[in-house]
Amino acid sequence: MSFSNTYDTTSPGSAALNREDLQDAMSMLAPSETPVLSSADKFKCNATFVEWGVDKLATPSSTAVSEGADVTDFDDKFESVARLGNYVQKLRRSFRVSDLQQAVSSVGPQDIARAEMKGVKELKRDVEKTLLGTQDRAAENGGGTAYTMRGLGNWLSSTGPSDVPSDYRTPAGSIHGSGTFSETVLNNLITSIYRVSGVTNSLTLVADTALRRVISDFARADSATGPIRQFTAQQSSNLIKLSVGQYQSDHGIVTIVDMNPDCAPDTTNKDTGYLLNPDFYAVGELIPLGSTRLPNLGGGERGYVDWTGTLKVAHPGAHGKITVLS
């Protein structure tokens, strides 16, 4: 005996007129945080090549001066002054919605305003990826090479870049690029940064996921006795915290924040980390992030969002870098 059912979608058929149940909500699953861009000080750029000066003090001396000795030698107090610089980079995301799509009722909705908002989020992630990148700077040449900013991964090097004097490069002791990463290694990196600045720093470690997990295990394992785990918790609490948000060393407190995994320089090993001194990096903006609508030529609303700016690493020696875990 036949009966009306929900799976007979033929026409004519009992399910041909069943209504859809489309929820008036939409979920987006993608990392959207931009910790480097968001935490950096901002300044206004006035040219496509942004420059800043660096200087250093002379090496301390304990040489004694004889009584009655005249001053016959004079120091050039500005012999160590150098100029660093970075090009700006322009980034852009376009968007367009047809006139019919703009007119119909849709979840979201899928209209020009939502397209513009999504473009802004995507552009901020583009900026974050560029700041974290390993690319070198480049000048526009009118033949296909666009202005490109130097990323953190290129600035923080003990052997370069070639335009950075050796006195102002990131010391090799502030970079972990080989061997097993451990708590001792992290402390050595922090100490190396301290020996450059002489200041007990409050650093920020922007860490990708694999590096973050290794740091969370610090102080819970001992190579001599084997794995150990000790917890102190209130009896009324059922929560045991296994993550590390701050690491206190002999030369400063390190705040650990998650790197956006989609913007990380190494999305394969996921082990990159930058030890950043907030006082010695900033983001300059020649054209602040903004949206521009273009004329509707009949097919629908359209436009783009763009940003032009650069990364200022005031002193590469004030920072550190981690690129491998083992």
Side-chain angles (χ1 to χ4, degrees), residues 25-46 48 50 86-97 108-138 140 146-156 204-209 211-212 255-267 270 272-294 301-314 319 321:
M26 175 174 291
S27 299
M28 181 179 296
L29 188 62
S32 59
E33 297 299 318
T34 56
V36 175
L37 174 62
S38 300
S39 62
D41 287 339
K42 307 299 189 297
F43 66 94
K44 172 64 178 173
C45 299
N46 295 300
T48 56
V50 180
N86 205 359
Y87 286 105
V88 300
Q89 183 166 334
K90 185 171 186 175
L91 298 167
R92 178 191 293 163
R93 288 279 179 170
S94 62
F95 54 90
R96 179 181 177 182
V97 175
Q110 310 303 307
D111 59 9
I112 193 66
R114 181 175 174 83
E116 182 178 45
M117 178 183 68
K118 187 175 179 181
V120 169
K121 290 183 177 180
E122 291 173 340
L123 183 61
K124 290 181 66 177
R125 294 189 348 146
D126 293 344
V127 176
E128 183 79 359
K129 181 177 179 65
T130 308
L131 296 174
L132 293 171
T134 60
Q135 76 283 349
D136 198 1
R137 72 187 190 191
E140 182 90 30
Y147 285 120
T148 303
M149 78 169 77
R150 175 179 292 152
L152 277 169
N154 196 284
W155 272 111
L156 308 186
T204 298
L205 173 57
V206 185
D208 205 352
T209 51
L211 175 60
R212 188 74 163 83
T255 300
I256 304 169
V257 299
D258 293 322
M259 182 181 292
N260 187 314
D262 285 348
C263 302
D266 184 352
T267 56
K270 308 175 182 64
T272 304
Y274 294 119
L275 273 165
L276 302 177
N277 188 325
D279 294 333
F280 290 93
Y281 79 95
V283 171
E285 296 182 323
L286 184 63
I287 302 176
L289 192 151
S291 178
T292 301
R293 295 289 181 91
L294 299 174
E301 296 292 331
R302 55 186 186 152
Y304 65 89
V305 290
D306 66 344
W307 176 91
T308 303
T310 192
L311 171 65
K312 174 184 176 181
V313 179
H319 312 286
K321 181 171 67 173

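Because only heavy atoms are used, hydrogens play no part in the values below, and waters and symmetry mates are left out as well, while side chains stay in.
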Point to revise | Contact check, side chains of L275 and H319, non-hydrogen atoms, under 4.5 Å | key: no
Revision key, fill the gap. Between the OG1 atom in T272 and the CG atom in L211, the distance rounded to the nearest 0.5 Å is 8.5 Å
**Study point:** Check against side-chain contact (heavy atoms from CB on, under 4.5 Å), K118 and K121
**Key:** CA-CA 5 Å; K118 187 175 179 181; K121 290 183 177 180; 5.7 Å; no
Practice item. Give, for atom CZ of R96 and atom CZ of R302, the distance between the pair rounded to the nearest 0.5 Å. Key: 6.5 Å
**Study point:** Among T130, N86, D136, the one residue meeting side chain to side chain donor-acceptor pair (under 3.5 Å) with R150
**Key:** D136
Study note, to complete from the structure: Rounding to 0.5 Å, atoms OG1 (T255) and CG (L205) come to a distance of 9.5 Å
Point to revise | Spatial distance of atom OG1 (T308) from atom CG (L286) [nearest 0.5 Å] | key: 6.0 Å
Practice item. Evaluate the side-chain contact (heavy atoms from CB on, under 4.5 Å) criterion for residues V305 and F95: first the C-alpha distance (whole Å), next the side-chain angles of each, then the deciding distance (0.1 Å), finally the verdict. Key: CA-CA 8 Å; V305 290; F95 54 90; 4.1 Å; yes
Check your understanding: Got V120 and S291 here, is their nearest side-chain heavy-atom distance under 4.5 Å?
Key -> no
Check your understanding: Do L37 and K42 come within less than 4.5 Å of each other through their side chains, counting heavy atoms only?
Key -> yes
Practice item. Begin with the C-alpha distance, continue with both residues' side-chain angles, and end with the deciding distance and a verdict on side-chain contact (heavy atoms from CB on, under 4.5 Å) for M149 and L131. Key: CA-CA 8 Å; M149 78 169 77; L131 296 174; 3.8 Å; yes
**Study point:** Contact summary for Q89 and L91, nearest pair of heavy atoms
**Key:** NE2-CD2, 3.6 Å
Point to revise | Within-4.5 Å side-chain heavy-atom neighbours: D126 and W307 | key: no
Practice item. For T34 and R125, indicate whether the former's side chain and the latter's backbone hold a donor-acceptor pair under 3.5 Å. Key: no
Study note, to complete from the structure: dist F43:CZ -> T310:OG1 (nearest 0.5 Å) comes out at 7.0 Å
Revision key, fill the gap. Here the pair of heavy atoms bringing P35 nearest to V257 is CB-CG2, 4.3 Å
Check your understanding: What's the spacing between S39 OG and L276 CG if we round to 0.5 Å?
Key -> 7.5 Å
Check your understanding: Does the side chain of P261 reach to within under 4.5 Å of the side chain of D208, using non-hydrogen atoms?
Key -> yes
**Study point:** Main-chain N/O of G290 paired to T292 side chain as donor or acceptor, under 3.5 Å
**Key:** no
Review point. Any side-chain heavy atom of V206 within less than 4.5 Å of one from L152?
Key: no
Practice item. Begin from the C-alpha positions of V88 and K90 and carry the test side-chain contact (heavy atoms from CB on, under 4.5 Å) through to its verdict. Key: CA-CA 7 Å; V88 300; K90 185 171 186 175; over 6 Å; no
Review point. Any side-chain heavy-atom pair from V50 and K312 closer than 4.5 angstrom?
Key: no
Review point. Y274 side chain to L132 main-chain N or O, any donor-acceptor pair under 3.5 Å?
Key: yes
Exercise for review: Kindly check if the number of other-residue, nucleotide or ligand heavy atoms within 6.0 Å of NZ (K321) is above 12?
Suggested key: yes
Review point. Quick one: does E285's side chain have a donor or acceptor within less than 3.5 Å of a partner on G309's backbone?
Key: no
Exercise for review: Can you see which heavy atom on L311 is nearest to which on G151, and at what distance?
Suggested key: CD2-C, 4.1 Å
Exercise for review: Determine whether P265 and M259 make a side-chain contact, defined as any pair of heavy atoms from C-beta on separated by less than 4.5 Å.
Suggested key: yes
